[in-house]
Amino acid sequence: MSEFDLIRRHLTGLGSPRADVLVDVGDDCALLRVRDGQDVALTTDTLVSGIHFYPDCDPEALGWKSLAVNLSDLAAMGAEPAWVSLALTLPDADEGWLASFGRGFADLAKSTGVRLVGGDLTRGPLSITVQAQGLVPAGKALRRGGARPGDLVCVSGTLGDAGLALRQMAAGHAADASIRRRLERPTPRLRLGTALRGVATSAIDLSDGLLSDLGHILASSGCGADIERARLPLTSPVSAALSGESDWRLPLASGDDYELCFTLPPGLAARLPALAGSADCELTVIGSIVSEAGLRVLRPDGSEWTFGGRGFDHFRA
């Protein structure tokens with residue numbers, strides 16, 4: 001099939017119909033109408049075969065994840081997702097692969113009210129670039145730079161599941177089904193993001209590991225943090241994998257959690273159960289913001305736990 005046949009058959013009309021989409025796939029540009037009083041949040045992520053996913057990864061799961069990682073960025077800004085574009089590079093015109101990829105992409109797009117409005121399809125090494133746009137009331141977006149000493153450091157969900165699944169798969173073992181799903185089909189915390197508007201002082205999504213991503217909040221806010229290792233929310237498989245001190249890198253520095261880390265004024269701690277209920281996810285206080293620069297992880301006895309890394313970085317040795 002030709003490039004345009006593939007687009008018409010598998011990449012046109014994906015997602016939810018939206019009144020603010022005037023023109024989507026099939027013209028030189030999409031036309032979108034933004035309502036008064038709203039800001040546009042925009043994010044882009046690229047997934048490359050052999051770097052972000054195994055070449056034999058299930059294409060339906062890959063379709064889901066390629067959208068999910070972008071929606072997670074929108075969640076961290078408190079934005080409601082609206083439109084996405086997709087630049088897809090394929091080694092060949094594998095219609096079966098593309099149909100499966102499109103199903104996974106469309107499943108998440110429909111469930112989150114997103115419409116695919118354009119992009120590109122070309123031939124080359126397998127890679128996927130998604131640009132997502134979301135809407136947030138003017139001036140209400142969550143930012144990284146608002147944390148203040150005394151704020152509570154909180155996370156959604158659990159940490160380290162995707163990292164454990166990847167470790168098991170890299171070792172040639174079959175990953176536990178529940179944690180493999182966390183790796184391949186993460187849930188973007190969109191409801192939590194909107195619930196945190198006007199409540200959280202800062203937020204970020206956890207894509208490269210807690211220590212790395214929380215570090216971005218601290219750098220933007222000009223402060224430090226103390227994290228209590230014993231308070232990290234862990235599933236049973238991850239807890240069972242922590243056989244030694246070095247294994248704590250799993251919940252602290254492995255990527256692909258796609259949970260939200262946010263800071264909250266201590267006076268609002270009582271609102272956490274209600275926030276968790278509205279977002280339909282567990283929320284845990286894991287530490288606090290301090291005035292002294294640096295990020296410290298504390299053992300149960302109060303001593304500091306250290307190791308040589310922080311999280312995933314494409315260009316760091």
What residues, two or more places apart in sequence or in another chain, satisfy side-chain hydrogen bond (donor to acceptor under 3.5 Å, both in side chains) together with R9?
E95
Output for pair (R167 CZ, L250 CG), nearest 0.5 Å, gives 4.5 Å
Residues at least two apart in sequence or cross-chain that pass salt bridge (charged side-chain N to carboxylate O under 4.0 Å, His left out) with D176, listed by chain then number, are none
Within one Ile-Leu-Val-Met-Phe-Trp-Tyr cluster: L11 and L6, side-chain cutoff 4.5 Å:
yes
Within 6.0 Å of CZ in R143, more than 12 heavy atoms from elsewhere
no
More than 12 heavy atoms from other groups under 6.0 Å of CZ on R181
no
Can you name the ring pair (Phe, Tyr, Trp, His ring centres under 6.0 Å) partners of Y258, sequence neighbours left out?
none
Report yes or no: does D213 contribute a side-chain atom to a donor-acceptor pair with the main-chain N or O of S207 at less than 3.5 Å?
yes
Is there a path from I227 to L211 through hydrophobic residues (I, L, V, M, F, W, Y) whose side chains come within less than 4.5 Å of each other?
yes
Going by side-chain hydrogen bond (donor to acceptor under 3.5 Å, both in side chains), name the residues that satisfy it together with D94, two or more places apart in sequence or in a different chain.
none
Got V238 and T158 here, is their nearest side-chain heavy-atom distance under 4.5 Å?
no
Is any side-chain heavy atom of L192 less than 4.5 Å from a side-chain heavy atom of L283?
yes
Of all heavy-atom pairs linking A75 and L142, the shortest is O-CD1, 4.4 Å
Do R296 and V290 touch side chain to side chain, with heavy atoms closer than 4.5 Å?
yes
Identify the two heavy atoms, one from V153 and one from A225, that lie closest to each other, and give their separation to 0.1 Å.
CG2-CB, 4.5 Å
Residues which pass salt bridge (charged side-chain N to carboxylate O under 4.0 Å, His left out) with R144, listed by chain and number, not counting sequence neighbours:
none
Rounded to the nearest 0.5 Å, what separation is found between the CG atom of L260 and the SG atom of C154?
11.0 Å
What pairs with D301 under side-chain hydrogen bond (donor to acceptor under 3.5 Å, both in side chains), at least two apart in sequence or on another chain?
S303
Taking atom CG of D257 and atom CZ of R182, what is their separation to the nearest 0.5 Å?
6.0 Å
Closer than 4.0 angstrom, basic N to acidic O: yes or no for R189 and D205?
no
Evaluate the side-chain proximity of L252 to L210: yes if any heavy-atom separation is below 4.5 Å, no if none is.
yes
Might you point out which heavy atoms bring L159 and P251 nearest each other, and give the distance in Å?
CB-O, 3.6 Å
The reported gap from CG in L116 to OG in S16 (rounded to nearest 0.5 angstrom) is 11.5 Å
Spell out, as yes or no, whether a donor-acceptor pair under 3.5 Å connects the side chain of W64 to the backbone of T187.
no
Tell me which pairs pass ring-ring contact (aromatic ring centres under 6.0 Å, His included) where either residue lies in residues 99-136, with sequence neighbours left out.
W97-F101
If the condition is side-chain hydrogen bond (donor to acceptor under 3.5 Å, both in side chains), which residues does R180 pass it with, not counting sequence neighbours?
E184
Please answer: with hydrophobic residues joined when any side-chain heavy atoms are less than 4.5 Å apart, are L135 and L71 in the same cluster?
no
Could you work out, with salt bridge (charged side-chain N to carboxylate O under 4.0 Å, His left out) as the rule, every residue matching R231, not counting sequence neighbours?
E228
Mark yes or no for whether T201, through its side chain, and T263, through its backbone, hold a donor-acceptor pair below 3.5 Å.
yes
Gap separating the CG atom of L126 from the CG atom of L62, nearest 0.5 angstrom
7.0 Å
To the nearest 0.5 Å, tell me how far S221 OG sits from D151 CG.
8.5 Å
Would you please name every residue forming a salt bridge (charged side-chain N to carboxylate O under 4.0 Å, His left out) with R148, sequence neighbours left out?
none
Test applied, side-chain contact (heavy atoms from CB on, under 4.5 Å); reference residue, I286; option that passes from V155, D226, L152, L214:
V155
Without swapping roles, check the side chain of D256 against the backbone of L183 for a donor-acceptor pair under 3.5 Å.
no
T194 side chain to R191 main-chain N or O, any donor-acceptor pair under 3.5 Å?
yes
Return the set of residues passing side chain to side chain contact (heavy atoms under 4.5 Å, CB included) with E60 (not counting sequence neighbours), or none when no residue passes.
D58, S100, R103, D107, R185
Quick check on the hydrophobic clustering: are L47 and L90 connected, directly or via other members, by side-chain heavy-atom contacts under 4.5 Å?
yes
Closest heavy-atom pair, I7 versus T12, reported as atoms and distance to 0.1 Å, is O-OG1, 2.9 Å
Using a 4.5 Å cut-off on heavy atoms from C-beta on, say whether the side chain of R115 contacts that of D24.
yes
Hey, mind stepping through L218 and I289 against side chain to side chain contact (heavy atoms under 4.5 Å, CB included) and telling me if it holds?
CA-CA 8 Å; L218 303 182; I289 299 295; 3.7 Å; yes
Side chains of L88 and L98: closer than 4.5 Å at any heavy-atom pair?
yes
Quick note, side-chain hydrogen bond (donor to acceptor under 3.5 Å, both in side chains) partners involving residues 79-89, not counting sequence neighbours, are D20-W83
Min side-chain heavy-atom separation D73-T44 under 4.5 Å:
no
Tell me if a side-chain donor or acceptor on R299 pairs with a main-chain N or O of E304 at a distance below 3.5 Å.
yes
For P137 versus D39, what's the shortest heavy-atom pair and its separation?
O-OD2, 4.2 Å
Do the side chains of V117 and V25 join up, straight or via other hydrophobic residues, at under 4.5 Å, putting them in one cluster?
no
Quick one: does any side-chain atom of S220 pair with a main-chain N or O of H216 as donor and acceptor, under 3.5 Å?
yes
Are the side chains of I179 and Q168 in touch, meaning some heavy atoms are under 4.5 Å apart?
yes
In terms of heavy-atom contacts, C261 and L206 come closest through CB-CD2, 3.7 Å
